[in-house]
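Report on one structure; see the data block that follows.
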Amino acid sequence: MTLRIGFIGVGGIAEVHLRNIAATDGAQVAAMYDVNPERLQEMAHRYGCAAYDDMQEMLQQAALDAVYVCVPPFAHGEIEFSVLEHGLPMFVEKPISIGEDPARQILDTIESRRSIVAVGYHWRYAQAAQRAKERLAGRIPAMVQGYWMGDMPMVSWWRRMDQSGGQLVEQTTHIVDLARYLLGNVREVYAVFAQRGMQDIVEGVTVPDVGCITLRFENGAVGTISNTCLLNQGYTVGLDILTRDAILEIRGDGLTERTTAQTVIYRNQENPYLSEDIAFLDAVRSGDPSRLLSTYKDAFLTQRVTAAANRSAASGRPVSLD
Ligand SMILES: NC(=O)c1ccc[n+]([C@@H]2O[C@H](COP(=O)([O-])OP(=O)(O)OC[C@H]3O[C@@H](n4cnc5c(N)ncnc54)[C@H](O)[C@@H]3O)[C@@H](O)[C@H]2O)c1
């Protein structure tokens with residue numbers, strides 16, 4: 001059976017999933033909806049599918065098996081409730097919201113309906129993350145250092161705090177999520193953010209352009225994650241995990257493991273975006289979500305940390321997540 005997949009939001013990241021689905025046997029891009037009519041027509045033409053200018057109509061008429069939700073952070077809420085109402089599995093791009101709400105209410109609905117929902121934390125699917133999990137077995141992770149240092153994405157909503165939630169919520173959430181995946185839940189977070197220049201370079205910037213958070217994990221480990229979107233060049237993006245006898249450095253292209261005996265570099269051989277799409281389609285086909293590495297619940301626990309960091313930065317105080 002060929003799965004009929006619908007899309008809500010067909011901007012930049014949707015293209016990655018559209019390409020993967022179009023190239024996958026057993027699935028087809030069947031329909032799409034976007035609030036931008038030009039973009040909708042362009043993408044529907046490119047993927048040869050039905051274009052809807054009304055989301056409810058698409059959900060009612062397109063005979064879909066699953067839906068991808070690829071909208072900016074501010075647009076979550078009604079979309080997810082509508083998809084769930086139609087009993088459809090969905091893949092939601094991260095972040096799942098700006099603050100804890102409406103993600104908390106969406107999670108409640110997902111759990112009461114036992115719906116299959118995956119979230120696009122693709123770093124979990126990278127072989128580097130899987131290898132790091134193996135290498136951490138039997139070791140005590142003592143601390144982490146995470147980074148997302150680069151330039152500012154130029155989609156217009158990204159620079160506005162009320163539309164994106166800021167760099168930590170929107171982007172560095174991948175690194176917070178990876179740290180949670182490998183070390184477990186976070187008990188406490190403290191954040192300091194500042195604006196150090198982007199507001200004078202790009203009009204309408206309200207997000208901080210530098211920030212650092214300090215984390216205490218439930219297992220006793222501590223860590224810091226720093227981010228900036230101020231640079232005019234790409235720089236470090238990744239997570240380092242320090243143990244007594246091994247240092248693991250995860251980057252977008254793989255994992256470096258340092259011990260006193262040797263330095264070993266593992267390169268990712270597979271595309272983690274494709275791996276997460278295949279895992280989602282398999283879950284839809286089989287009705288079994290057990291091989292999803294990032295469920296909505298996982299994403300919510302990460303969202304709690306980044307939302308708490310925003311509250312901490314605003315109040316100047318640590319925030320407990322107990
Ligand atoms: N996993 C990743 O690596 C990754 C990479 C890039 C973006 N993202 C995430 O994907 C999301 C979208 O980012 P993007 O770069 O594709 O943004 P984008 O601005 O390129 O695309 C967003 C699209 O959503 C549409 N849209 C906005 N509100 C809508 C609504 N209410 N209903 C339907 N369509 C709506 C816009 O018209 C636009 O076409 C963001 O949350 C971002 O963080 C994830």
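All ligand and atom numbering here is 1-based and tracks the order in the structure.
For Lys297, the NZ atom is loosely surrounded, since the number of other residues' heavy atoms within 6.0 Å does not exceed 12. The number of heavy-atom neighbours closer than 6.0 Å to CZ of Arg139, taken from other residues, nucleotides and ligands shown, is above 12.
Scanning the protein for heavy atoms near atom 26 (N) of ligand 1, the closest one is Val35 CG2, 3.6 Å. Of all protein heavy atoms, the one lying nearest to atom 3 (O) of ligand 1 is Tyr273 OH, 2.6 Å. Taking atom 21 (O) of ligand 1 as the reference point, the nearest protein heavy-atom neighbour is Gly11 CA, 3.2 Å. Of the protein's non-hydrogen atoms, the one nearest atom 17 (O) of ligand 1 is Trp157 CZ2, 3.4 Å. For atom 44 (C) of ligand 1, the closest non-hydrogen atom of the protein is Glu93 OE1, 3.3 Å. The single protein non-hydrogen atom nearest to atom 11 (C) of ligand 1 is Val71 O, 3.4 Å, given as residue, atom name and distance. Closest to atom 33 (C) of ligand 1, if we only count protein heavy atoms, is Tyr33 CE2, 3.5 Å. When hydrogens are left out, the protein atom nearest atom 39 (O) of ligand 1 is Asp34 OD2, 2.7 Å; that is the closest non-hydrogen contact.
Looking at Pro153 against ligand 1, nothing comes within 4.0 Å, counting heavy atoms. No part of Met55 comes within 4.0 Å of ligand 1, judged by heavy-atom distances. With a heavy-atom cut-off of 4.0 Å, Ile13 touches ligand 1 through backbone and side chain alike. For Lys94, heavy-atom contacts with ligand 1 shorter than 4.0 Å involve the backbone as well as the side chain.
There is a side-chain donor-acceptor pair under 3.5 Å between Gln145 and Tyr147. With no hydrogens or angles considered, no side-chain donor-acceptor pair links Glu257 and Thr263 at under 3.5 Å. Judged by distance alone, the side chains of His76 and Glu80 do bring a donor and an acceptor atom under 3.5 Å apart.
How far CG of Leu255 is from CG of Leu239: 10.5 Å, rounded to the nearest 0.5 Å.
Every atom of ligand 1 is numbered from 1 in the order shown, and the set under 4.0 Å from a heavy atom of His122 is 1 (N), 2 (C), 3 (O). Of all the atoms in ligand 1, the ones that sit under 4.0 Å from a non-hydrogen atom of Pro95 are 41 (O), 43 (O). Heavy-atom proximity to Gly9, at under 4.0 Å, picks out these atoms of ligand 1: 24 (O), 34 (N).
Taking all heavy atoms of Pro72, Gly120, Gly165 into account, the minimum distance to atom 22 (C) of ligand 1 is reached by Pro72.
Every heavy atom of Glu78 sits 4.0 Å or more from the atoms of ligand 1.
The list of salt bridge (charged side-chain N to carboxylate O under 4.0 Å, His left out) pairs with a residue in residues 180-194, not counting sequence neighbours, reads Asp177-Arg180, Arg187-Asp322, Glu188-Arg216.
Note: an N/O pair closer than 3.5 Å links Gly12 and ligand 1 by distance alone. Geometrically, ligand 1 and His76 share no nitrogen or oxygen pair separated by less than 3.5 Å.
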Show your working on ring pair (Phe, Tyr, Trp, His ring centres under 6.0 Å) between Tyr181 and Tyr121 and close with a plain yes or no. CA-CA 10 Å; Tyr181 182 54; Tyr121 281 106; over 10 Å; no
One pair to check against side chain to side chain contact (heavy atoms under 4.5 Å, CB included): Tyr273 and Ile13. What are the steps and the verdict? CA-CA 10 Å; Tyr273 289 105; Ile13 191 61; 3.9 Å; yes
Contacts under 3.5 angstrom, residues 90-99 side chains, donor-acceptor by atom type, not counting sequence neighbours:
residue	atom	partner	partner atom	Å
Glu93	OE2	His17	NE2	2.7
Lys94	NZ	Glu170	O	2.7
Ser97	OG	Gly99	O	2.7
Ser97	OG	Asp101	O	3.3

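Ring geometry for Phe74 versus Trp157: interplanar angle over 60°, hence perpendicular rather than tilted (30 to 60°).
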